[in-house]
Structures are given as structure tokens and as C-alpha cells.
Amino acid sequence: MASTHVLNIKIGFDLTEILSPKNIPGVKAYLGVKSDNELASAIFQDKFNQIGKLLSQNGFNIINAEVQEVAKSYRKQKEDTLDMRPTKSTAKASDEVENDDKKLASSIDNNIQEKEHQSSRVKDASNDKSLYRKKQDLFKKLKTEFEKIRKAKGNIEVIKYNSTAISFAPSPVELQHEANISEDVIIDVEEIDKGVLAIISYIDKDQKMQTSIVKEEN
């Protein structure tokens with residue numbers, strides 16, 4: 001698809017919970033990454049793929065993409081309204097981010113190295129029997145919901161894991177091979193309500209968006 005115009009939008013996301021020491025082993029397994037040094041780029045690529053898929057489905061084409069860490073002073077600003085026109089305050093904040101780019105360029109890698117040191121004390125998820133049981137339980141619940149949706153002639157669009165469950169959540173490859181989930185289905189990770197393991201979004205037979213919530217056992 002050829003582009004005739006460009007709409008510049010900055011999309012933010014929070015990696016604090018995903019890169020917490022307890023979640024790093026699970027995130028690595030989820031993304032199929034062996035080295036912590038490759039983790040940041042793998043997360044960014046995963047986010048890029050998710051965004052690209054959504055934009056493509058709605059007639060948009062990504063021309064250029066890069067990752068920057070948001071300056072702390074810019075994070076504290078509250079955006080009350082969405083305004084396409086630049087204001088003095090947003091322009092100033094943007095300048096702060098741009099001026100801090102060189103200083104922040106390596107901060108993500110440094111953060112990953114720090115997390116690597118901390119996560120060295122964390123047991124490998126594959127060898128942890130407790131995590132293995134949790135994974136099997138979650139997989140069973142997901143398959144049950146998948147079956148219900150298919151019987152109702154629904155089409156699964158998005159599977160969103162709670163960030164607290166990422167250490168034992170089935171990977172996209174496992175979902176494809178063991179639960180017949182299409183590779184076109186978006187697999188995402190986000191901090192959602194306590195007690196919720198995953199949210200499945202699907203289109204029902206009437207072409208309406210519906211959600212199915214997978215919860216922890218009481």
C-alpha cells in the first residue's frame with residue numbers, strides 16, 4: 001500500500017512490570033529469547049508486530065519506527081485532552097525528550113543488565129514445579145474458553161495475559177501448536193485486574209466484539 005500522507009503519532013507503553021525480576025524468566029520463555037541481552041529488542045519487536053498488525057488491518061502503513069525512553073519530567077505531565085495542534089507545554093516537553101535522547105539511549109540496556117543480575121537468583125521457570133502446575137492449569141482454562149468460543153462460531157482476535165501471569169503463560173508457539181490458535185491472533189501482555197489471568201477478545205457470529213475472562217481459582 002502506497003502512502004500519500006503521514007500522521008505522526010507517538011505511542012507509549014510501560015515495561016516496568018514486564019521487566020520486573022520475577023517476570024523476566026517468563027517473558028524470555030514467552031518471546032523465545034535465551035539471552036537477557038536480547039530481551040529488550042525482542043520486546044520492542046513484539047510490540048512493533050502487534051501495532052503493525054492492528055494498523056494494517058485498518059488501512060495504515062508504518063513508514064518508520066524507533067524506540068525512545070520517555071524522560072521522567074515528561075512522564076509526570078498529565079494529558080487532559082488529545083490535541084493534534086502542538087502547544088507550548090507539549091513542545092517544551094518534546095524538546096526535553098529530544099535533548100535527553102543521547103543520555104537515555106543506553107538506559108534500557110543498562111536496566112536490562114541490572115535486571116539480569118537480579119534475575120540470576122530466580123529459579124528457571126521450566127524447573128519450577130509450582131509454575132509448571134500453574135501453566136498447565138491456565139492452559140486448561142484457556143482451551144476450555146477457546147472451545148466455547150468456537151462452538152458459538154466466534155473468531156478469536158486477541159489474547160491478553162495479565163503481567164502477573166507471564167511467568168507461566170503459554171507462549172504464542174504453544175498456543176498455535178497445542179490449541180490451534182492462528183498466528184494472526186494478537187498475543188499481548190498488560191497489567192489488568194487482580195485475579196484475572198487472561199482476557200480473550202473475539203468476534204461473535206453477529207460480528208460483535210466480545211470478551212471472555214479467565215480467572216484464578218477462588
Same cluster or not: [X] versus [Y], using hydrophobic residues (I, L, V, M, F, W, Y) connected whenever any side-chain heavy atoms lie under 4.5 Å apart?
| X | Y | value |
| --- | --- | --- |
| F168 | F139 | yes |
| V185 | V189 | yes |
| I43 | V158 | no |
| L54 | I51 | no |
| L131 | I24 | yes |

### Message
Quick test of your reading of the model: are K135 and E174 salt-bridged, counting only N-O distances below 4.0 Å?
### Response
yes
### Summary
What one should report as the nearest heavy-atom pair of Y202 and G154 is CD1-CA, 4.3 Å
## Note on the structure
Nearest heavy-atom approach of Y161 to P170 is OH-O, 2.7 Å
Interatomic distance, [X] atom [atom1] to [Y] atom [atom2] [nearest 0.5 angstrom]:
| X | Y | atom1 | atom2 | value |
| --- | --- | --- | --- | --- |
| K160 | I187 | NZ | CD1 | 12.0 Å |
| L31 | L39 | CG | CG | 6.5 Å |
| N155 | Q207 | CG | CD | 8.0 Å |
| E157 | I203 | CD | CD1 | 5.0 Å |
| L142 | I181 | CG | CD1 | 8.5 Å |
| M209 | S201 | CE | OG | 5.5 Å |

### Task
Check for a donor-acceptor pair, side chain of N162 on one end and backbone N or O of V196 on the other, with a separation under 3.5 Å.
yes
### Task
Verify, without hydrogens or angle tests, whether D188 (side chain) and Q50 (backbone) share a donor-acceptor contact under 3.5 angstrom.
no
### Message
Does S212 form a side-chain hydrogen bond (donor to acceptor under 3.5 Å, both in side chains) with E145? I'd like the steps, not just the answer.
### Response
CA-CA 7 Å; S212 177; E145 294 303 315; 2.5 Å; yes
### Query
Going by atom types only, do N180 and Q176 share a side-chain donor-acceptor pair under 3.5 Å?
no
### Message
More than 12 heavy atoms of other residues, nucleotides or ligands under 6.0 Å from NZ of K47: yes or no?
### Response
yes
### Query
Does atom NZ of K143 have more than 12 heavy-atom neighbours, drawn from other residues, nucleotides or ligands, at distances under 6.0 Å?
yes
### Message
K141: which residues meet the side-chain contact (heavy atoms from CB on, under 4.5 Å) condition with it, sequence neighbours left out?
### Response
D137, L197, V214, E217
### Task
Output all residues satisfying side-chain contact (heavy atoms from CB on, under 4.5 Å) with A152, sequence neighbours left out; order by chain, then residue number.
none
